[in-house]
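Working notes, structure below.
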Amino acid sequence: MENPDPSCPVIAIIGSGASGTLLAWYLRKAGCAARLIVVGDAPEPGRGLAYGTPCLTHYLNVCAAGMSAVTDDPSHFLAWVRDHHDPDISASDFVPRAIYGRYLQSLWTEAAPEYHQGHVLACDKADQGWNLTLADGACIAASYVVLATGNFSPVVLSDPRRLVPGYSPSAWQNDLYSRIRLDDDVALIGTGLTAVDVLVRLRQQGHRGQITAISRHGWYPTSHAEAPAAGVDDVWFATPPSARAYLALV
């Protein structure tokens, strides 16, 4: 795929989830007239891994008032979710992540970037920008390239016994849940928020087998404290701008 018009810059965004979607939307909002090409693995762009779950009992871990994608409009998401999902949602409610995925898709529609489903193998410097080589043999000539790949996939166990049937390195493969039978015993490596997501989804689909969660420290996720969030902007601004200082602050 070549750039047919060198006078019109091409911005290639690698990643079609929340990061890539928001970048494309903000570029359009800023009046960017460049040709936007987003490359991602997902058959349906916009949602990404975090918000691609179909399970309506997987909730955001931030209340609706804190999930606006628009920095200068803190109520943008809250207004959207009232118009498109539930008019009675309050600012302090927690919304399903699947609904937030729909919100991101609405921003994708507004930005209207081109989408190329595929996997980028190489990004090479060219005379007038960059050349992206994709696994399907396509080549994209871009003036600018942005990495918006989000979080990496979970680390795969190094033990060769992971190759036995039944092991899955990721809880976000939707076909995984169709392979687990209702009476199967399940072991979860970790007891964090992802483990809760798996537990909720399994129980929602009628799973009745034993579920064992394995934790290095024996900790469970905790609920949000019943207290207003502390104002930390002044604290950050007063901190020396170094990685060591920020680490100490955290």
Side-chain angles (χ1 to χ4, degrees), residues 15-19 21 40-67 69 77-78 81 84-86 88-105 149-227 229 250:
S16 60
S19 298
T21 298
D41 294 329
E44 184 180 27
R47 291 176 177 267
L49 187 65
Y51 308 111
T53 172
C55 183
L56 290 176
T57 49
H58 286 168
Y59 290 92
L60 297 168
N61 59 2
V62 176
C63 61
M67 290 300 295
F77 172 64
L78 184 59
V81 80
H84 296 86
H85 175 60
D86 184 350
D88 298 322
I89 287 287
S90 71
S92 59
D93 286 337
F94 292 85
V95 178
R97 291 206 296 271
I99 300 303
Y100 197 79
R102 287 174 49 198
Y103 170 64
L104 290 174
Q105 284 186 314
T149 51
N151 295 325
F152 292 108
S153 299
V155 176
V156 177
L157 293 177
S158 58
D159 193 306
R161 285 173 290 183
R162 73 182 188 280
L163 300 176
V164 300
Y167 169 71
S168 176
S170 174
W172 303 112
Q173 298 169 339
N174 286 323
D175 63 331
L176 165 67
Y177 297 91
S178 63
R179 299 198 305 268
I180 298 176
R181 294 172 297 187
L182 297 183
D183 292 313
D184 283 347
D185 292 337
V186 177
L188 305 178
I189 303 175
T191 56
L193 295 176
T194 300
V196 174
D197 286 338
V198 175
L199 179 61
V200 166
R201 186 165 179 181
L202 285 174
R203 293 312 194 208
Q204 185 185 51
Q205 66 184 33
H207 180 265
R208 51 183 176 263
Q210 178 173 305
I211 298 178
T212 303
I214 305 167
S215 170
R216 183 179 303 172
H217 302 290
W219 293 345
Y220 296 100
T222 56
S223 61
H224 283 251
E226 293 294 335
V250 172

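Just so you know, these numbers come straight off a predicted model, no measurement behind them.
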message: According to side chain to side chain donor-acceptor pair (under 3.5 Å), who are the partners of Arg179, at least two apart in sequence or on a separate chain?
response: Asp175
- line: Between Trp172 and Leu49 the two heavy atoms that sit nearest each other are CB-CD1, 3.4 Å
Listing, residues 57-64 side-chain donor-acceptor contacts under 3.5 Å, not counting sequence neighbours, or none:
from: Thr57; atom 1: OG1; to: Gln204; atom 2: NE2; distance (Å): 3.4
from: His58; atom 1: ND1; to: Thr53; atom 2: OG1; distance (Å): 2.9
from: His58; atom 1: NE2; to: Asp197; atom 2: O; distance (Å): 2.7

query: For Val186, which of Ile180, Leu199, Thr212 qualifies under side-chain contact (heavy atoms from CB on, under 4.5 Å)?
result: Ile180
Steps toward side-chain contact (heavy atoms from CB on, under 4.5 Å) verdict (Met67, Val81): CA-CA 11 Å; Met67 290 300 295; Val81 80; over 6 Å; no
message: Which heavy atom of Pro221 sits nearest to which heavy atom of Leu193, and what is that distance?
response: CB-CD2, 3.8 Å
task: Could you pull out all residues at least two apart from His85 that satisfy side chain to side chain donor-acceptor pair (under 3.5 Å)?
output: none
statement: Taken to the nearest 0.5 Å, the spacing of His207 NE2 from Asp183 CG works out to 7.5 Å
- prompt: Rounded to the nearest 0.5 Å, how far apart are CZ of Arg208 and CG of Leu182?
  reply: 5.0 Å
query: Shortest non-hydrogen contact from Ala98 to Leu56?
result: CB-CD2, 3.9 Å
- line: Taken to the nearest 0.5 Å, the spacing of Ile99 CD1 from Asp86 CG works out to 9.5 Å
field: Closest contact, heavy atoms only, Ser168 versus Ser170
entry: OG-O, 3.0 Å
message: If I take atom OH from residue Tyr177 and atom CZ from residue Arg201, how far apart are they, to the nearest 0.5 angstrom?
response: 5.5 Å
query: Which residue, Val200, Val198, Thr194, forms the side-chain contact (heavy atoms from CB on, under 4.5 Å) with Val196?
result: Val200
query: Should we count OH of Tyr220 as having more than 12 external heavy atoms under 6.0 Å?
result: no
Interatomic spacing from CG in Leu188 to OG in Ser215 - rounded to 0.5 Å: 11.5 Å
query: Gly40 and Ser16: which non-hydrogen atoms are nearest, and at how many Å?
result: CA-OG, 3.6 Å
message: Check for me whether the distance between the ring centres of Tyr103 and Tyr51 falls short of 6.0 Å.
response: no
